[in-house]
Amino acid sequence: MTALPGPVSPPPRLLMGPGPISAYPSVLRAMSSELVGQYDPFMTATMTETQELYRQVWGTANEATLLVDGTSRAGIEAALISLIRPGDRVLVPVFGRFGHLLAEIAERALAEVHTIEVPWGQVFPVSAIEEAVVRVKPHLLALVQGDTSTTMLQPLEDVGALCARHGVLFYSDATASLGGNPFEADAWGLDAATAGLQKCLGGPSGSAPITLSERAVEVIGGRRRIEAGIREEGDEDAPDFIRSNYFDLGMILDYWGPRRLNHHTEATSMLYGARECARLLLVEGREAVMARHRLHGEAMLAGVQGLGLVVFGDVAHKMTNVVAVEIPEGVDGDAARSAMLVDFGIEIGTSFGPLHGRVWRIGTMGYNARKDAVLQTLACLEAVLRRHGASVASGGGVDAALDVYAGAGA
C-alpha cells in the first residue's frame, strides 16, 4: 500500500513574476481565521464591510460592489455573461493575450464580437477606439487596462466619456493593474470592472472584486431570473435570462444585498483574505500604494537596463508593476528561469503567443513591491545571466536600482 503524503509543505519562494505573487502575511493569517455560517451576523457584516472597502479601492460609490467567488476569470465571465445578450455587438480592442480572452468569453456568450488590434507592446489611442465604436456601434466595449502578457497599461481616462456619447456600456478588466496603477471607476465612467487578488492587491487567486454602475445593474435586472426552488411570488422570470447560473450577477447581487437570497455558499476564507487585501491598501493609502509600486517598478526597470537587458514595448505606457525584457541572444530562457527558481528560489515569468520564449516578465507588485525583493532579484538574475554566457556589467543591476532608491530618498 502506498504511504499517504504528509501535510502540505510548499518550498519558500519569492514570486517575482507577473502574478501570482507572494501574499501579504496578514492576508494569509486572515484566511486561517475561524469559519462561521453563511448567514451568521458576523459573516453578513463582514460581507458588508468588504463591499465598502472595495468601493474605496475602485474609486466608486456603486452600491453594486462585491466579490465573485472564483479567480479573476470568474469575475470577467460573470460581467460579460450577465451584460451581453445573444446577438449583442461587442467591441474588444486587443493589445495582448487578455484582450483575446475577453473576445473569447464574449463569443461564448453568443455575442457578435468585433476586434481591433495593435502590435503587442503598444496601446490604443482613444481616437482609434472611438473610430471603431462609431463603425461597429457595439452594445458593450470590453477593454483590458493592464495586460501582463505585454506589460502595457491602456489609458482609460477618456474612454468612458466616448462610450457615454455613443450609448455604449464600458467594461474593463483590471486584474493586473488595480491597486498598483490609477483606477477611478466613477470618474472614468466605467459601467463594470473586475479584478483579482493575486497581483497588486497582494493576495491569493480565488476571489474577484467587481463593481457595477446603476446602468449595468439595470441591464442585469432586465434579465433577472430567480431559481424555481427559491423563487417567491412576484419574483422576476425574464424570458431573456442570463445563461449561466453560477455567474448570474442578478442572483449574486441578491445574495450580497439586503434580501440575502441564497445563491451559493460564500467562500468564507477567501472573503477574509479579500477584506484584508483591501484593508491593507486603504490603511497604507491608495496614493501611497501606487507610489510604492511606481518606485519599485522604476528601480526594477533601471536595474534590468543596468544589466544590459533590452526592455520590451512602449515604456511610456508600461504598467508600474511588471517589466518585460528581451532574453539575451544565446541564453536559453527556460533554463535561466529554472536556475532562478531552483538555485535561488525566485520565480520570474515567460510570456505567451508571439512573445513566448522571447521575453521574461518580472513583477514588483503587492507584498513584493519592496526594496529587498527588487535587489535580491537583480543580484540573482545577474549571476544566472553570467553562468548562461551573457555579458553583464558586474553589479550593474543592483547599482542602477540603488541609484533610483537614493534619488527617491528610499
Side-chain angles (χ1 to χ4, degrees), residues 31 33-52 54-55 62-88 104-111 139-140 169 171 191-197 205-275:
M31 293 180 67
S33 299
E34 188 74 26
L35 300 183
V36 296
Q38 64 175 323
Y39 296 114
D40 188 291
F42 176 82
M43 181 69 169
T44 54
T46 301
M47 293 169 74
T48 301
E49 285 178 354
T50 303
Q51 290 181 276
E52 179 52 35
Y54 276 96
R55 290 186 187 103
N62 288 339
E63 182 69 21
T65 301
L66 55 147
L67 304 174
V68 174
D69 285 345
T71 66
S72 52
R73 191 174 299 211
I76 297 169
E77 187 144 350
L80 295 183
I81 199 76
S82 298
L83 291 171
I84 297 170
R85 291 178 170 87
D88 278 346
E104 159 86 9
I105 294 174
E107 185 178 16
R108 287 174 182 262
L110 302 181
H139 163 72
L140 179 139
L169 286 170
Y171 161 74
D191 289 299
T194 63
L197 304 184
S205 178
S207 184
I210 183 171
T211 190
L212 302 163
S213 72
E214 290 183 3
R215 185 177 175 213
V217 171
E218 184 179 349
V219 171
I220 293 164
R223 306 182 67 197
R224 187 180 298 276
R225 182 191 197 191
I226 307 299
E227 294 174 20
I230 56 175
R231 190 182 305 152
E232 298 176 1
E233 187 175 350
D235 279 342
E236 299 94 329
D237 187 13
D240 187 20
F241 57 87
I242 294 165
R243 300 295 166 167
S244 171
N245 179 288
Y246 188 73
F247 294 130
D248 183 338
L249 284 177
M251 289 200 289
I252 294 172
L253 285 167
D254 276 337
Y255 182 63
W256 280 78
R259 194 174 176 188
R260 299 291 178 191
L261 187 64
N262 183 260
H263 174 252
H264 63 287
T265 301
E266 179 60 19
T268 312
S269 298
M270 286 307 308
L271 171 68
Y272 297 162
R275 177 186 180 278

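- Atom CZ of Arg108 is surrounded by 12 or fewer heavy atoms from other residues, nucleotides or ligands within 6.0 Å.
- Under the rule for a side-chain hydrogen bond (donor to acceptor under 3.5 Å, both in side chains), Ser82 has no partner lying at least two apart in sequence or in another chain.
- Nearest heavy atom pair, residue Ser72 against residue Ala208, reads CA-CB, 4.1 Å.
- Here the closest heavy-atom approach between residue Val68 and residue Ala78 is recorded as CG2-CB, 4.2 Å.
- Checked against side chain to side chain contact (heavy atoms under 4.5 Å, CB included), Arg225 has the following partners two or more places apart in sequence or in another chain: Arg231, Asp237, Phe241.
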Original post:
For Leu140 and Asp88, what are the C-alpha separation, side-chain angles and deciding distance, and is it a side chain to side chain contact (heavy atoms under 4.5 Å, CB included)?
Top reply: CA-CA 8 Å; Leu140 179 139; Asp88 278 346; over 6 Å; no

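- To the nearest 0.5 angstrom, Met251 atom CE is 12.5 Å from Ile220 atom CD1.
- Looking at every heavy atom in both residues, Leu83 comes nearest to Ala192 through CD1-CB, 3.8 Å.
- At distances below 3.5 Å, at least one donor-acceptor pair connects side-chain atoms of Tyr272 with backbone N or O atoms of Glu34.
- The two residues Ala79 and Ile210 have their closest heavy-atom pair at CB-CD1, 4.2 Å.
- Glu49 is linked by a side-chain hydrogen bond (donor to acceptor under 3.5 Å, both in side chains) to Arg275, counting only residues two or more places apart in sequence or in another chain.
- In this structure, the salt bridge (Lys or Arg N to Asp or Glu O under 4.0 Å) partners of Arg85, at least two apart in sequence or on a different chain, are Asp240.
- In this structure a side-chain-to-backbone donor-acceptor pair under 3.5 Å is missing from Gln51 to Leu66.
- Residues Ile105 and Ile76 have side chains in contact (heavy-atom distance under 4.5 Å, counting atoms from C-beta outward).
- Qualifying side chain to side chain contact (heavy atoms under 4.5 Å, CB included) partners for Glu232, counting only residues two or more places apart in sequence or in other chains: Asp235, Arg259.
- Annotation for Tyr39: atom OH counts as buried by contact number, over 12 foreign heavy atoms lying within 6.0 Å.
- Evaluation of the salt bridge (Lys or Arg N to Asp or Glu O under 4.0 Å) test over residues 63-82, restricted to residues two or more places apart or in two chains, returns Arg55-Glu63.
- Leu80 contributes atom CG, which lies 5.5 Å from atom OH of Tyr171 (distance to the nearest 0.5 angstrom).
- For Glu214, the CD atom is loosely surrounded, since the number of other residues' heavy atoms within 6.0 Å does not exceed 12.
- Checked against salt bridge (Lys or Arg N to Asp or Glu O under 4.0 Å), Glu218 has no partners two or more places apart in sequence or in another chain.
- Asn62 meets the side-chain hydrogen bond (donor to acceptor under 3.5 Å, both in side chains) test with Thr60, Thr211; sequence neighbours excluded.
- Expressed to the nearest 0.5 Å, how far CG of Leu249 lies from CH2 of Trp256 amounts to 12.5 Å.
- Between atom CZ of residue Arg260 and atom CD of residue Gln38 there is a gap of 10.5 Å, rounded to the nearest 0.5 Å.
- For the atom pair Leu271 CG and Met47 CE, the distance stands at 6.5 Å (nearest 0.5 Å).
- Residues Arg224 and Asp254 meet the side-chain proximity criterion, which asks for heavy atoms closer than 4.5 Å.
- Counting heavy atoms from C-beta outward, Leu169 and His139 have side chains that approach closer than 4.5 Å.
- By the ring-ring contact (aromatic ring centres under 6.0 Å, His included) test, Tyr255 is found to be paired with His264, residues two or more places apart in sequence or in another chain being considered.
- At least one side-chain heavy atom of Leu253 sits less than 4.5 Å from a side-chain heavy atom of Leu212.
- Looking at residues two or more places apart in sequence or on another chain, you find no side-chain hydrogen bond (donor to acceptor under 3.5 Å, both in side chains) involving Asp40.
- Take Ala274 and apply the side chain to side chain contact (heavy atoms under 4.5 Å, CB included) test, not counting sequence neighbours, and it matches Tyr54, Leu67, Leu197, Ser207.
- Taking CD from Glu107 and CD1 from Ile84, the interatomic distance works out to 11.0 Å, rounded to the nearest 0.5 Å.
- Counting all heavy atoms, side chain and backbone alike, Ala238 lies closest to Gly222 at CB-O, 3.6 Å.
- Annotation: side chain to side chain contact (heavy atoms under 4.5 Å, CB included) contacts of Ser244 (sequence neighbours excluded): Ile81, Phe247.
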